Amino acid sequence: MTNQTTRNGTFAPMLALLGRDLRLSLASGGDSAMVVVFFVLAAILFPFGVGPESAVLTRIGSGVIWVTALLAVLLSVERLFLADYEDGSLELLALTPLPMEFLVLAKVAAHWLTTGLPLLVATPILGLLYHLPPAAFGPMILALMLGTPTLSLVGAIGSALTLGSRRGGVLLSLLVLPLYVPVLIFGTAVVDAAISGSGETAKTPIMILAALLLASLALAPWATAAAVRQALE
Amino acid sequence: MSGFEGRDLTCIRGGRLVFEGVNFAASPGQALLLRGPNGVGKSSLLRLMVGFLVPAAGTINWDGTPISSDRDAHGARSVYIGHLDALKLSLTGAQNLSFWARINGHGKDHVLAALERFGILHLADIPAQLMSAGQRKRLNLARLIAVPSPLWLMDEPVTSLDAEGSELIEDIMAVHLDAGGIVIAATHQDLLGNRATELRLTPVIGSEYGDLA
């Protein structure tokens with residue numbers, strides 16, 4: 001009984017926040033659409049630079065897709081807490097009975113649903129553009145599915161830490177990009193392994209991506225919540 | 001000891017002493033008005049009371065328990081009205097208010113009543129973007145009704161309200177006091193007549209140059 005009430009007491013407010021953020025993101029003229037457009041355009045530019053040889057494109061395809069996805073997430077994560085911070089909502093969110101860690105989780109979930117998920121949807125198109133073999137598509141999507149939530153979670157820490165600082169965006173990239181490197185390395189490793197045709201070797205980097213996701217899921221909300229509290233002082 | 005009280009509070013912000021040795025007390029049914037010239041620390045004291053700031057010295061107690069021992073519980077018993085209206089401009093009046101009700105664990109039942117009480121029921125379906133500063137302030141104040149809590153902490157609650165709006169908020173505060181609530185407000189207006197006690201903050205001598213860091 002007590003359990004039931006506490007559970008309702010956590011989920012309903014989290015859903016309220018998630019729903020509000022999704023609604024705001026839809027209402028604000030499609031911030032998430034901009035992220036996807038950036039992702040696709042940036043990835044389309046590379047073939048113009050390196051030439052249309054299909055062997056070269058296949059070789060660099062997964063790397064380009066991962067790097068542009070990472071930059072797209074980085075661009076959008078800067079605003080994760082900023083709007084709430086500037087209009088005073090963040091203070092009031094801190095006063096709700098819901099612990100800050102859960103607020104952070106709800107906001108990150110909304111961020112992933114509005115950026116990471118659309119990126120996943122756009123990825124197959126880029127895969128075709130880069131002549132990725134059909135066998136690589138599945139592993140690529142799986143890797144992005146495991147990797148992009150990690151990018152959102154880690155980005156949230158940087159976003160909260162840079163609240164209230166001028167040039168927050170630059171600082172955010174300096175803080176967060178080094179932490180994105182493991183996701184990038186193992187994310188591309190998944191696709192490379194899938195292209196070279198051995199499903200077994202793709203397994204290890206996928207497991208590592210999953211481990212990175214679980215670790216950041218466990219740690220990032222606490223670090224982010226601490227940084228948000230600091231920003232409110 | 002029932003009620004809300006603070007003893008010997010010192011506040012330091014950015015290495016600068018804002019105030020020291022401040023005491024306050026408010027029991028249920030009492031209003032406390034924070035007075036003093038601009039920059040004397042009224043807002044800082046309110047932020048200490050909410051728990052955003054931690055006092056450099058001194059304690060703040062609710063019913064004898066320090067508020068720092070359970071921040072979530074203290075947040076749940078207070079409504080804070082700050083300078084910022086905390087509204088999402090693309091959401092309507094009702095959407096804004098019911099979000100705050102829901103995330104604080106309340107149903108939407110009070111939302112329309114709160115809008116009506118503050119005379120902005122006609123703004124329920126209007127995006128906050130199209131509201132005037134006074135209307136936004138009323139919408140922010142409507143949280144007082146939509147999220148019922150005993151402790152009201154308000155920073156300049158009547159700024160940008162018209163005469164009728166100030167009277168309205170005074171009435172609403174009086175009803176809250178009658179019900180055993182506590183109102184603490186930083187204000188330059190005379191609110192609530194003789195029902196309110198005053199706490200006058202005075203500038204710290206030489207604080208502008210005091211090097212405490």
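Chain A is the first sequence line, chain B the second, and so forth, proteins listed ahead of strands; every chain is numbered from 1. Note that the coordinates shown come from a computational prediction; the quantities given were computed from them, not determined experimentally.
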For this session: Mark yes when over 12 heavy atoms from residues, nucleotides or ligands other than B:Glu116 sit less than 6.0 Å from its CD; otherwise mark no.
Result: no
For this session: For residues B:Asn104 and A:Leu95, report the shortest heavy-atom separation together with the two atoms involved.
Result: OD1-O, 4.3 Å
For this session: Could you look at B:Leu87 and say if it's the side chain, the backbone, both or neither that has a heavy atom under 4.5 Å from chain A?
Result: backbone
Seminar exercise, completed: Pair count under 4.5 Å, heavy atoms only, with chain B: among A:Ala94, A:Gly19, A:Ser89, highest is A:Ser89
Seminar exercise, completed: Whatever's closer than 4.5 Å to a heavy atom in chain A on B:Arg102 counts as both
Problem set entry | Test item: A:Glu233 and B:Val54 side chains (from C-beta on) under 4.5 Å apart, heavy atoms | yes
Exercise. With a 4.5 Å limit on heavy-atom distance, are the side chains of A:Arg20 and B:Asn96 in contact?
Worked result: no
For this session: Among A:Gly88, A:Pro97, A:Pro99, single out the residue with the greatest number of heavy-atom pairs under 4.5 Å to chain B.
Result: A:Pro97
Exercise. Do you know which of B:Arg47, B:Arg13, B:His83 has the most heavy-atom pairs with chain A at a distance under 4.5 angstrom?
Worked result: B:Arg47
Problem set entry | B:Val79 versus chain A, the contacting section by heavy-atom distance below 4.5 Å | neither
Exercise. Side chain, backbone, both or neither: which part of A:Leu93 has a non-hydrogen atom closer than 4.5 Å to chain B?
Worked result: both
Seminar exercise, completed: If one checks every heavy atom of B:Arg77 against chain A at 4.5 Å, the contacting part turns out to be neither
Exercise. Which bit of A:Glu91 is near chain B, if near means a heavy-atom gap under 4.5 Å: side chain, backbone, both or neither?
Worked result: both
Problem set entry | Gap separating the CG atom of A:Asp84 from the NZ atom of B:Lys88, nearest 0.5 angstrom | 4.0 Å
Exercise. Hey, which of B:Gly75, B:Ser78, B:Pro127, B:Ser90 has the most heavy atom pairs under 4.5 Å with chain A?
Worked result: B:Gly75
Exercise. Rounded to the nearest 0.5 Å, how far apart are OG1 of A:Thr96 and CG of B:Asp72?
Worked result: 7.5 Å
Problem set entry | Approximate separation, where rounding is to 0.5 Å, of A:Leu92 CG and B:Asp85 CG | 10.0 Å
Exercise. Considering only heavy atoms, which portion of A:Ala106 lies under 4.5 Å from any heavy atom of chain B: side chain, backbone, both, or neither?
Worked result: neither
